[in-house]
Amino acid sequence: MSQLPEQSARTSVPTSADVARAAGVSRATVSYVLNDNTTVRISDATRRRVRAAAFDLGYVPHAAARSLRAGHSRMVLLPATRLPAGLLQRRFFTDLQSDLRRLDYTVVQYGSAGLDPDEAVRAWAELRPVAVVAPAGVPLTPHGIGMLTRSGAKAVITLGPQPVEGAHALVLDQRVVGGSAVRHLLARGRRRIGVVMPQEPGLALFSEPRLAGALQAAEACADARVRRLPLRYEETSAAGLAARWRTLGLDSVFAYDDEYAMLLMRALQDAGVEVPAETAVVGAGDLMLGRLLRPRLSSVSMELATAQPPAEMIDRLVRNPGGAPERHDLLRARTVARESG
């Protein structure tokens, strides 16, 4: 039978009592200082001494014990998704995690690959999070939301193109992206508009609403028409589409995002199709690389805007649970005109 190394058996975990002895204070004072309790008056010098002792000893408060004292955890769970995350969404979650930590929440990312929806929710519930923020592509149903709530979650929030019944929703309505691109093209006299539809798995969750927004915007112009253009993110696929471009009768294209726009624009130029003289090209995401192309790429710039910062909103929902599900539309879009159309 294998045994742990002898050194591990001798290693002791520092406790709050050790910190108290090193700092010359009571354990209660250690708890007040390290839990940032401001209801008890403690001098700045004492706070510094306690924190220095904790640092020197390598003492870390026990999260589970703190949760028991408080009556709930301070854990916000962010389930991971297998869908590709755009720059905007990555930035959103980075900022959200930083802001939640400043509000004294512990942020945990949880991978759910290989789990069906019910298994995933049970795994999340076992961690007893105080809140769950589920991005698009993470399986979440009304039944799962109920399970999380019964396990102690005070707020369940979804982030995606559509809300989920029973959860608070941060909605990224992708229709505004397609609508902005097509209104831009219509304003420049383009009437026969292609819309690139990526064939990569998972992207339909975003591309279908963008197409819906494009179609809705085109309805404002009687002689405008929109054509769906399937495209894989491969040079051969783009070259094939470009080779038959002139048979399609299109004078412009909204290419889902900047990466697909750059792929297709290069293929069109290689096929002798002039951009923007014959075909205007618009992407989405406003990547720096698109501005370095020639012609410079027109693109839909996107930002997330809320009346209240998302971390503060989550904190408010945790402190005041039980209210009706809230919906907040985050996505704002505007097309930045450059040389490609």
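Values in this document were obtained by computation on a predicted structure and should not be read as measured data.
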Is any side-chain heavy atom of M313 closer than 4.5 Å to one of T306?
no

Is there any ring pair (Phe, Tyr, Trp, His ring centres under 6.0 Å) pair reaching into residues 227-260, and which pairs are they, with sequence neighbours excluded?
Y233-Y260, Y256-Y260

Ionic contact status for R91 with D95, cut-off 4.0 Å:
no

All N/O donor-acceptor pairs, side-chain side in residues 216-229, below 3.5 Å, sequence neighbours left out:
unit_1: D223; atom_1: OD1; unit_2: R191; atom_2: NE; d: 3.3
unit_1: R225; atom_1: NH2; unit_2: G249; atom_2: O; d: 3.4
unit_1: R228; atom_1: NH2; unit_2: E208; atom_2: OE2; d: 2.4

Short side-chain to backbone donor-acceptor contact, H168 and V133, under 3.5 Å:
no

Flag, side chain of S207 to backbone of M197, donor-acceptor distance under 3.5 Å
no

Is there side-chain contact between P14 and V19, with at least one heavy-atom pair below 4.5 Å?
no

Atom of A167, atom of P325 and distance for their closest heavy-atom approach:
O-CB, 3.5 Å

Interatomic spacing from CG in L77 to CD in Q109 - rounded to 0.5 Å
9.5 Å

L170 vs L304, side chain to side chain contact (heavy atoms under 4.5 Å, CB included): CA-CA, chis, key distance, verdict:
CA-CA 10 Å; L170 298 174; L304 302 181; over 6 Å; no

Closest approach of V171 and P161, non-hydrogen atoms and distance?
CG1-O, 3.5 Å

Trace of the side chain to side chain contact (heavy atoms under 4.5 Å, CB included) decision for L250 with T279
CA-CA 7 Å; L250 301 176; T279 300; 5.8 Å; no

When rounded to the nearest 0.5 angstrom, what distance separates CE in M265 from CG in L293?
4.5 Å

Main chain of E234, side chain of S237: is a donor-acceptor contact present, judged purely on distance under 3.5 Å?
no

Let's go through V108 and V76 carefully: what are the C-alpha distance in whole Å and the side-chain angles of both, what is the deciding distance for side chain to side chain contact (heavy atoms under 4.5 Å, CB included) to 0.1 Å, and is it a yes or a no?
CA-CA 6 Å; V108 175; V76 176; over 6 Å; no

One should read off an interatomic distance between R210 CZ and D257 CG, to the nearest 0.5 angstrom, of 6.5 Å

State yes or no: do L248 and L264 share one hydrophobic cluster built from I, L, V, M, F, W and Y residues joined by side-chain heavy-atom distances below 4.5 Å, directly or via other members?
yes

S151 side chain to L148 main-chain N or O, any donor-acceptor pair under 3.5 Å?
yes

In Å and rounded to the nearest 0.5 Å, what is the CG to CG distance from D18 to L57?
6.0 Å

Side-chain donor or acceptor of S340 paired with backbone N/O of P295 under 3.5 Å:
no

Taking all atoms of both residues into account, what is the closest heavy-atom pair of I145 and E165, and its distance?
CD1-O, 3.3 Å

Would you compute the distance between atom CD of E326 and atom CZ of R316 and round it to the nearest 0.5 angstrom?
4.0 Å

For R190 and A277, work out which heavy atoms get closest and say how close.
NH1-O, 4.1 Å

side-chain contact (heavy atoms from CB on, under 4.5 Å) involving S299 - partner list, sequence neighbours excluded:
D258, D286, R338

Quick one: does Y110's side chain get under 4.5 Å of P129's, heavy atoms only?
no

Under 6.0 Å from the CD atom of Q162, do we count more than 12 heavy atoms belonging to anything else shown?
no

Drop me the distance from Q174's CD to M302's CE, to the nearest 0.5 angstrom.
7.0 Å

Flag yes if more than 12 heavy atoms outside R291 fall under 6.0 Å of its CZ atom; otherwise flag no.
yes

Would you indicate whether R175, at its atom CZ, is surrounded by more than 12 heavy atoms from other residues, nucleotides or ligands within a distance under 6.0 Å?
no

Taking the side chain as everything from C-beta on, heavy atoms only, tell me whether H328 gets closer than 4.5 Å to Q308.
no

Check step by step if side-chain hydrogen bond (donor to acceptor under 3.5 Å, both in side chains) holds for Q199 and R232.
CA-CA 5 Å; Q199 298 304 286; R232 296 188 305 279; over 6 Å; no

Would you mind telling me which of L100, D99, T94 makes a side chain to side chain contact (heavy atoms under 4.5 Å, CB included) with L96?
L100

Joint hydrophobic cluster, L34 plus Y32, side-chain heavy atoms closer than 4.5 Å
yes

Short question: side chain of D251, backbone of R192 - any donor-acceptor pair under 3.5 Å?
yes

In plain terms, say whether R266 and E235 are close enough for a salt bridge, that is, a side-chain N and a carboxylate O under 4.0 Å apart.
no

I'd like to know if L186 and V282 are part of one continuous hydrophobic network [Ile/Leu/Val/Met/Phe/Trp/Tyr, side-chain heavy atoms within less than 4.5 Å].
yes

Starting from V176, can I reach V336 by hopping between I/L/V/M/F/W/Y residues whose side chains sit under 4.5 Å apart?
no

Give the minimum heavy-atom separation between F206 and G202, together with the two atoms involved.
CD1-O, 4.3 Å

Give a yes or no on whether the backbone of A53 and the side-chain of D56 come within a donor-acceptor separation of less than 3.5 Å.
no

Shared hydrophobic cluster, Y105 / F93 (ILVMFWY, side-chain heavy atoms < 4.5 Å)
yes

Checking H143 against V121 for the side chain to side chain contact (heavy atoms under 4.5 Å, CB included) test, could you report, in this order, the C-alpha distance in whole Å, the side-chain angles of both residues, the deciding distance, and whether it holds?
CA-CA 9 Å; H143 173 74; V121 169; over 6 Å; no

With a 4.0 Å cut-off on N to O distance, would you call R332 and E303 a salt bridge?
no

Side chain E339, main chain R296, donor-acceptor under 3.5 Å:
yes

Search all heavy atoms of A267 against all heavy atoms of A242 and return the closest pair with its distance.
O-CB, 3.4 Å

